[in-house]
Amino acid sequence: MEYNFREIEQKWHQRWVQQRTYHVEEDGSKEKFYVLNMFPYPSGAGLHVGHPLGYIASDIYARYQRLRGKNVLNPMGYDAYGLPAEQYAIQTGQHPAITTEQNINRYREQLDKIGFCFDWDREVRTCDPKYYHWTQWAFQKMFGSFYCNTCQKAQPIEQLIEHFEKEGTANLDVAQSEELTFTASDWAAYDDVKKQEVLMNYRIAYLGETMVNWCPKLGTVLANDEVIDGVSARGGFPVVQKRMKQWCLRVSAYAQRLLDGLDTIDWSDSIKETQRNWIGRSEGAEIEFKVQGSEKSFTIFTTRADTMFGVTFMVLAPESELVKELTTPEQQAAVDEYLTYVKKRTERDRISDRKVTGVFTGSYAINPFTGDANPIWISEYVLAGYGTGAIMAVPAHDSRDYAFAKHFNLPIIPLIEGCDVSEESFDAKEGIVCNSQGKDFSLNGLTVKEAIAATKKYVKEQGLGRVKVNYRLRDAIFSRQRYWGEPFPVYYKDGMPQMVPEECLPLELPEIDEYKPTETGEPPLGRAKRWAWDSKSNTVVDCSSIDNITVFPLELNTMPGFAGSSAYYLRYMDPHNDKALFSAEADNYWRQVDLYVGGSEHATGHLIYSRFWNKFLYDLGVSCEEEPFRKLVNQGMIQGRSNFVYRIKDTNTFVSIEKRDQYDTTPLHVDVNIVSADILDIEAFKAWRPEYATAEFILNDDGQYKCGWAVEKMSKSMFNVVNPDMIVERFGADTLRLYEMFLGPVEQAKPWDTNGIDGSHRFLKKFWNMFWSKEDFAVTDEEPTKEELKSLHKLIKKVTEDIEVFSYNTSIPAFMIATNELTSLKCNKRAILEPMVVLIAPFAPHIAEELWEALGHDTTVCDAQWPKFEAKYLVEDTVKMMVAFNGKTRFGIDFPADADNATIEAAVRSHEMTPKYLEDKQIVKVIIVPKRMVNIVMK
RNA sequence: GCUCGAAUGGUGGAAUUGGUAGACACGAGGGACUUAAAAUCCCUUAGCCCGAAACGGCUGUACGGGUUCGAGUCCCGUUUCGAGCACCA
């Protein structure tokens, strides 16, 4: 019988659905394993061959773990909120829910063809109210919490109120937006609104007036990770800084734990490094500088406390509050002019031209180490959001300060012995310190490292400041001015946000008639007619009934994309629970994701936010693991392989690549789907576009049209998108799966090249033919030979080890080799072939099922047992070893596998290739290097 | 600029983690079967040299050094490419 993949794949797909083969329940008698893919945003373009790469890799792992007897959770769902559906809605008026639903159905259809072992009973969609109920719930919990630095944990806000009632802000060490100071009696005297305002300073989800990335073109704010090079990540539109009141999440409170947690998880170095960079921890000191001739003082942050003697001026960020206080009347006009200039500059301007700009405030600051007065400047190179928004400038040892000093002609004092600062600053933290002699304190002669430590100690002892750790990680802006997102369960009373009662969740997204912002510039939800909260009846009511007594306006912003994706992996554990995000039992069983597979583009977004979110739930005692993803594998992008035709300029004649140089041609992208092995299907080409219907061709000498090619991003506009459906149609899902894995290491980016797929398909046919001879199922119960067993056990060993380390691209050759060996041995014995079916089941599940059934099993191959290899079959009778004399001459001798040194030495001596002179010399030692080599060292 | 990672035939990529470099596949070339095509199968395929032949020799893993009996693998330096951060003090 021939290998009819279409029939086989259809049959088994149906059977898996009917028998609910991949349905999974908690089962205390079995060890669990949780495999997860980053759930997709269902875009209108459907899947291309790059998308399933990670899904296939994790599917293989999931199936393997199941065959090892584990209870495997491998769910799938959709990140259903997103900008494309909303923009489509703005253009066409079609509700984004409809667009999203259509796209989901298309995705599902495509996914189903590839034979994944997803438990679809656990599917989640972020736009489903039953799902976002728990997104809203978590938000409310964050609103009701603050972060205690002493216990390094989120705590209920009530505890903070209690503290305020007892002692105000005394003895308080908590995460906060700005440092407030008040007493217990102050607190008691505050009215309700004031108290709410104060608490907002501490909540983990808080309404904060901060500088945000505003994208006018998209009409919304963006998080830091959504802005790349000063433009929006989606669309590439300019982004400006704007002060706005927005919901924020106090992610920064978790900076240290997010950093420390990286050491406990099994992620790639590169992604850990990316996260470390993003968190940006730097240890330094805050040092106080007094303003000359005034009671005022301010604090700067530095990591180079050792350079205190090299300070020649101070710089404030233009947005700093100190600017107002420190500007002298004489300088007022100049400062105002400068501030106007800075305001006009966008984020992008700042990045693209790094001009040295600044203005003198007129004030001077006293260096606490030297007593010198240093002029205080303002410059945009100092950032308001980092440290204290003020720096001490050490031009000799900081390139930015150096550029500033040169430009404005300020003094430069070198502090490292032998360093040359005539052309550029000496930034390296190395060398011996000099020129650093104070009244009662000297750093001269110390190394930079020693000097930093000594200065910190001195600063602390003298009360000049304190040792401080700063992080680059900022709080996440959590509001979006969009329609297609989770609504906030928040209404406003006296301008202060109030939470919709927990038992009233979910608060469902209202219908609106248009999806644009309102004429007055409010977010789209401003158009909703029914979008007010009646706090008496606890229901959503008509906006027209808003009064000041019981009915209040609801929040018009919605949550950003990362809200729904931050805890979805937890929801899969218990997706239908309507009492809680998940039950404690489900969480205790599944705990955390054991293997998470997805793209590295989420390194500073989703993978930070969900770690934060999970840690918060952990603090609450809701989640039992602090880190959500134990092991992370980043699959590489599959790039497209574009094809080109060459049109002779100003004609409709196309010339084949070999003859292209004889003409003046323009390369044009051509649809890769009408090109096969770089040979153009001319008829299909003529039919492709009307303008090519009359095209003429100059062919190769062999009468074919050969196209050029290049590796580019897979995209519609390059006509290089390869659709998995087409591959499945032509070769079958099993071939696609095998080929995608064979293409190269999962983690690596690589171009898609359909040309090589025949090899994988041929292998499956060969595999099939081991079982079938013409029309007969030819498997016998004969005893296998040693050679056959060796072939099998080599394969078991290799495949098992490869899967464990996720290196499938090398186990597929192992299958090919074993199949070739066994075919040439004409082996059709059950004892060999049956385990091989199990081994291949994770990779090519359909063919495995079909053969498993043909072998007479009435259960699916998914419930088989993973074969174990036995070392005895792998031991060679003889081992070929290379013999070297003092590392020079070499030849090979076959030794018995268990030969000892004496035997080997004797064999070497008596060997005909052993040099004659050896007999006169004494062998000092015989080194046997594992498996490979005998090394003779002589006197 | 800082931090991390990579570099192996015409191509994708192997190499038991320091032990015969180039597995396996694609592509290419040759052959068998066939009227022909498709399908299938076999041989060659890093470069160079010697030879009637060989399981013969030399060179070779971006470049230059080093450690080692032995280096694609470890160390130092250089070049190129990729990724992340970037006026973060």
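Chain A is the first sequence line, chain B the second, and so forth, proteins listed ahead of strands; every chain is numbered from 1. All values derive from a computational prediction rather than experimental measurement. Quick note: numbers below take in every heavy atom, side chains included, and nothing from hydrogens, waters or symmetry partners.
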Any residue meeting side-chain contact (heavy atoms from CB on, under 4.5 Å) with A:Asp266, in chain and number order, not counting sequence neighbours: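 Partners of A:Asp266 by the side-chain contact (heavy atoms from CB on, under 4.5 Å) criterion, ordered by chain and then number, come out as A:Lys631.
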Going by salt bridge (charged side-chain N to carboxylate O under 4.0 Å, His left out), name the pairs with one or both residues in [range], residues two or more places apart or in two chains.
{"range": "residues 389-398 of chain A", "value": "A:Asp398-A:Arg400"}
{"range": "residues 278-288 of chain A", "value": "A:Arg281-A:Glu283, A:Glu286-A:Arg466, A:Glu286-A:Lys468"}
{"range": "residues 299-310 of chain A", "value": "A:Arg304-A:Asp306"}

Sugar-phosphate only, base, or nothing, as touched by A:Val394 at under 4.0 Å among non-hydrogen atoms: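 Result for A:Val394 = nothing.
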Sugar-phosphate, base or nothing in reach of A:Arg641, heavy atoms under 4.0 Å: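 Touches nothing.
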Qualifying residues under side-chain hydrogen bond (donor to acceptor under 3.5 Å, both in side chains), relative to A:Arg472, sequence neighbours excluded: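 So A:Arg472 forms no side-chain hydrogen bond (donor to acceptor under 3.5 Å, both in side chains) with any residue.
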Detail all sub-3.5 Å separations between protein N/O atoms and N/O atoms belonging to nucleotides 1-7 of chain B.
| from | atom 1 | to | atom 2 | distance (Å) |
| --- | --- | --- | --- | --- |
| B:U3 | O2' | A:Glu273 | OE2 | 2.6 |

With sequence neighbours left out, write down each residue that passes ring-ring contact (aromatic ring centres under 6.0 Å, His included) with [X], or none if nothing qualifies.
{"X": "A:Tyr386", "result": "none"}
{"X": "A:Tyr341", "result": "A:Tyr338"}
{"X": "A:Trp278", "result": "none"}
{"X": "A:Phe298", "result": "none"}

Short heteroatom pairs, N/O only, protein and nucleotides 41-43 of chain B, under 3.5 Å:
none

Can you check nucleotides 8-13 of chain B for protein contacts, nitrogen or oxygen pairs under 3.5 Å, and list what you find?
| from | atom 1 | to | atom 2 | distance (Å) |
| --- | --- | --- | --- | --- |
| B:G12 | O2' | A:Leu743 | O | 2.6 |
| B:G13 | OP1 | A:Gln748 | OE1 | 2.9 |
| B:G13 | O3' | A:Asn809 | ND2 | 3.4 |

